[in-house]
Amino acid sequence: MIERIVQSLKKERKNPFCAYIYDLSKLRHHVNQLMGTLPQVCRLFYAIKANSDLSLLKALVPIVHGFEAASLGEIEKIRAVDEKIPILFGGPGKTEEEIAGAMDYGVSLLHVESVHELQLVNYIAAQKGISQAILLRVNLNHSVPNAQLKMAGVPTQFGMEEGKIPSAISLVQSLSNVKLHGFHFHAMSNNVDGKTHAEFVDHCFGTAKRWQKEWHLDLSYLNVGGGIGINYREIEHQFNWGDFIQRLEHVLEKHRDSGYKVLFECGRYITSSCGYYAAEVLDIKQNHGQTFCVIRGGSHHFRLPAAWKQSHPFTIIPIEKWVYPFERPEIKETIITVAGELCTPNDILAREVPVSCLRAGDILLFHYAGAYGWAISHHEFLSHPHPEHFYIE
Ligand SMILES: *Cc1c(COP(=O)(O)O)cnc(C)c1O
């Protein structure tokens, strides 16, 4: 279906094709499925930094429990689509203006990342005469072994290391304008293994319960973060949600006594699959024994593969039309590297991929481009035109 849509969009255009395409019905279907299978004590929030496109946010508002924001700008984007939907606010280095703004917008939970920030949040809440609900962000001693990016278990700027949590708790207990509701454990990105993810949730429960008991805390929330991944290398082997939910049910049963609500704040896993980046092949050439396919577009639109130095999966959409009076560049049964139009050797989207047939003028369709694609890219580098953005139902 998406192939035919791209072919007909291309027919209407003279210039080389370059676009992001978001399939909103696919997004709704996917997230409805997640929500439909989520255990009762769980809540699913969308971490909007993965993609804060307005149309995607609008599509998600009626489906998810809420959104996770990492800046005042993100909070404003959320409030522009819904005045009331619950917002979780996290991220390192929050400014006084951001914290005050977040309180004015009525964020449900504020994730506190350091002892200094704890003091600042309490100070601002006192000025406003309110009590702010908070979670303390924990930087665990161990992370999940096979996740691609680790925010915990290794030295990072996120949260407070486990050993410092007791002193943060005792500080909270001395402050009058913050109320501790639980802990926040976002620790990884792109974990494609449901078993280790469920084990991680179990570990978070154990850690929070230990502190609760020791400090006689009254806790309601366990935020286990996001980090559920996409397998970009073998797209047929994705995170097995059904298997994860089964394992999660066991973990929840084991910790039923806690009464915690479990918050998930997923980005990648929610919007990745609904997005496509389509880019026309401008040139095909051989240099020093390798075949390069140069596309209209590149890492300035879709930085994810270059940022992670990985090959991004794509399919080829054949375009029959050829307008020039000279021969069309064409290769058969060749291994290609896909490069963008930027003047840097880092502008590579896929490396050493076998293709059966490819011609200049065909279109490459990159799949799983809906998260950390356009949102993380350096759009102005080289001042090429931006891609078009299409939303299909
Ligand atoms: C980025 C981020 C998320 C979302 O991570 P994904 O890997 O996209 O699921 C969730 N929580 C926090 C605190 C984050 O920084």
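Atoms within each ligand, like the ligands themselves, are counted from 1 in listed order. In what follows, residues are counted from 1 in the order of the sequence shown.
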Participant: State which residues pass ring-ring contact (aromatic ring centres under 6.0 Å, His included) with Trp211; sequence neighbours excluded, sorted by chain then number.
Facilitator: Phe183

Participant: Scan residues 354-369 for pairs that pass side-chain hydrogen bond (donor to acceptor under 3.5 Å, both in side chains), counting only residues two or more places apart or in two chains.
Facilitator: Thr315-His367, Glu320-Arg359, Arg328-Asp362, Arg359-Asp362

Participant: With a 4.0 Å heavy-atom cut-off, what residues sit around ligand 1?
Facilitator: Ala47, Lys49, Glu68, Arg137, His184, His186, Ser189, Gly226, Gly227, Glu265, Cys266, Gly267, Arg268, Tyr372

Participant: My understanding is that only residues two or more places apart in sequence, or in another chain, count here; which of them pass side chain to side chain contact (heavy atoms under 4.5 Å, CB included) with Ser377?
Facilitator: Arg303, His379

Participant: Return the orientation label for the His30 and Tyr269 ring planes: parallel under 30°, perpendicular over 60°, tilted otherwise.
Facilitator: perpendicular

Participant: Check for me whether Lys254 meets the cation-pi criterion with Phe205, that is, NZ or CZ under 6.0 Å from the six-membered ring centre and within 45 degrees of the ring axis.
Facilitator: no

Participant: May I ask you to decide whether Lys128 forms a salt bridge with Asp104, counting only side-chain N to carboxylate O separations under 4.0 Å?
Facilitator: yes

